There are 2 protein chains.
Amino acid sequence: MAARSRSNPLALAVLALLWERPMHPYEMSMTLRERRKDESVKLNFGSLYSVVDSLVKHGLIEAASTERDGNRPTRTVYRITDSGATEAIDWLTDLVRTPAKEYPQFEAALSFLPLLGPDDVVRLLRLRQASLERQVAGLEASLADAKALGLPAIFSLESEYESAIVRAELAFVTTLVTSIADGSFEGVELWRDLHARAAAHGRLDPEELAEALAPYLSPP
Amino acid sequence: MAARSRSNPLALAVLALLWERPMHPYEMSMTLRERRKDESVKLNFGSLYSVVDSLVKHGLIEAASTERDGNRPTRTVYRITDSGATEAIDWLTDLVRTPAKEYPQFEAALSFLPLLGPDDVVRLLRLRQASLERQVAGLEASLADAKALGLPAIFSLESEYESAIVRAELAFVTTLVTSIADGSFEGVELWRDLHARAAAHGRLDPEELAEALAPYLSPP
DNA sequence: TCCCGAATGTTCTGGTTCGAATATATCTCG
DNA sequence: CGAGATATATTCGAACCAGAACATTCGGGA
């Protein structure tokens, strides 16, 4: 059996669901939604069916039955196989043990931030800040709800984690925006000059940017 | 011109590079590497060429020349167009202003954590903890280097951000592992029981899991 | 000098993923 | 009671992406 690519965590979600009981794909998607797992695993109807096919092809799940209910499309109910159960545990073990290299979009944006001028950046970061604050409030509220309902912490760990990460980003953004706005951010004059001149002739001049960057390029 | 999907930040990187000067794809990839941008934007040779094609197709960049050097494959040098410059700024603006929904793998793993037993989880989290500590140390070291070289902070913001996020994850993991290990984690007995019984007959019983979960499912 | 490995560049292939399209059943509200 | 919204359930095509394969040149040592 050729090794499967563990790229899409939706496959892990499928394995975890089928661990509990056999289901057909639509039922899986609805169950994931009910349990709010679609917050932590990207769920896409189209992808779900291909992921299921791929799991079948690799022998990690298998068709348990195909049932027809009235005139609706035939549904195929799947169950997990022994190698599927093993794979789920192995995969999960790996994810917990080893931090994966991820590429958050905001990190990419920060990489290219010099393309924007400092005043624009301040304006945009303030908007981001507000948005993050709302997000934190939302997460904290739903955590409080879960707690009020008596749901043990083990079932909302992923929200605790998300909340911790978002709060860290918020702290970062707050520090950054403050320091740019009050001028204490190191090199902000250079940055502002570059864009002040750019404003004069329509857009940031590639040559000026290149020149400004030149002294800092090709590090060891 | 059909709207391009902004899914792959590598396209933004290409626009940002061509803003400075025309380049051929291989040169782009090498430049991204030299500047360590491949840490913040996933760089893949295969993808780079398709991304470039797609940018050409949408009129955001264009071929400036095709040169043949000896008998090597013909290289095509590209330059940014006006609409490409606009798109770069718009895209970047959007990324800075609006937090994107992301799906970190660790968050997915936390979602399915009950599949593993608490003792295994403690062992794995300790390994993760050590790994995160090394990562933070590495990031801090390279930030210190950059500072020593006189590189202004604006050019290593993405590392500052990454460091902040990793430190937050480390704090989260540390708290979590400690509380599971010392038994103060809420519901840890229930969790341990489930797996103690599982160990008796080979693997976690789906029915027991389902039963244990049942009281907590279908929240409002 | 000649061969090997590293660097320079691009293309190909096929699996993955997305988003829209499809089709029927059931609910709901006037 | 019928029309439109919503829920059930899957399929399709196009775009996307990763990784390998390919092809050439250059540098350095035996």
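Naming: A, B, ... by sequence-line order, numbering from 1 per chain. Source: prediction; values computed, not measured. These numbers come from the heavy atoms of this one structure, side chains and all, not from hydrogens, waters or symmetry mates.
- S5(B) comes within 4.0 angstrom of the backbone, heavy atoms only, and of no base.
- With dT10(D), dT17(C), dC16(D) as the candidates, the nucleotide lying closest to the side chain of R75(A) is dT10(D).
- Taking atom CG of D53(A) as the reference point, atom C1' of dG14(C) lies 16 Å away to the nearest angstrom.
- The main-chain N or O of S50(A) is never found under 3.5 Å from a side-chain atom of S54(A) such that the two would form a donor-acceptor pair.
- Residue N44(A) has a polar side-chain atom (N or O) positioned under 4.0 Å from OP1 or OP2 of dG19(C).
- R4(B) has its CZ atom 13 Å from the C1' atom of dC17(D), to the nearest Å.
- For N8(B), the listed nucleotide lying nearest its side chain is dC17(D); candidates were dT8(D), dC17(D), dT10(C).
- Atoms CZ (R33(B)) and C1' (dA7(C)) sit 11 Å apart, rounded to a whole Å.
- Distance K101(B) NZ to dC18(C) P: 14 Å, rounded to the nearest Å.
- In the model, S163(B) has a side-chain atom that pairs as donor or acceptor with a side-chain atom of R167(B) under 3.5 Å.
- Within the structure, every side-chain polar atom (N or O) of K42(B) is placed at least 4.0 Å from both OP1 and OP2 of dC17(D).
- In this structure, G46(B) and M30(A) both approach DNA chain D, and ranking their closest nucleotides by distance from the 5' end singles out M30(A).
- In this model, the phosphate group of dT16(C) is not approached by any side-chain N or O of S47(A) to a distance below 4.0 Å at OP1 or OP2.
- One can place CG of L48(A) at 16 Å from C1' of dC12(D), the figure rounded to the nearest angstrom.
- Between Y49(B) and dT10(C), a side-chain N or O to OP1/OP2 separation shorter than 4.0 Å is present.
- With hydrogens and angles left out, the side-chain atoms of E39(A) and Y103(B) include no donor and acceptor closer than 3.5 Å.
- Side-chain contact, S111(B) with S40(A): a donor N or O sits under 3.5 Å from an acceptor N or O.
- One interatomic measurement links the two molecules: CE of M28(A) to C1' of dA9(D), which rounds to 12 Å at whole-angstrom precision.
- Atom NE2 of H24(A) and atom P of dT10(D) are 6 Å apart (whole Å).
- Residue order along DNA chain D, read from the 5' end via each residue's closest nucleotide, puts S50(B) first among S50(B) and F45(B).
- Using a 4.0 Å cut-off between charged nitrogen and carboxylate oxygen, E158(B) and K37(B) count as a salt-bridge pair.
- Note: CZ (R6(A)) to P (dT16(C)) measures 14 Å, nearest angstrom.
- Side-chain N/O atoms of S7(A) include one lying less than 4.0 angstrom from OP1 or OP2 on dT17(C).
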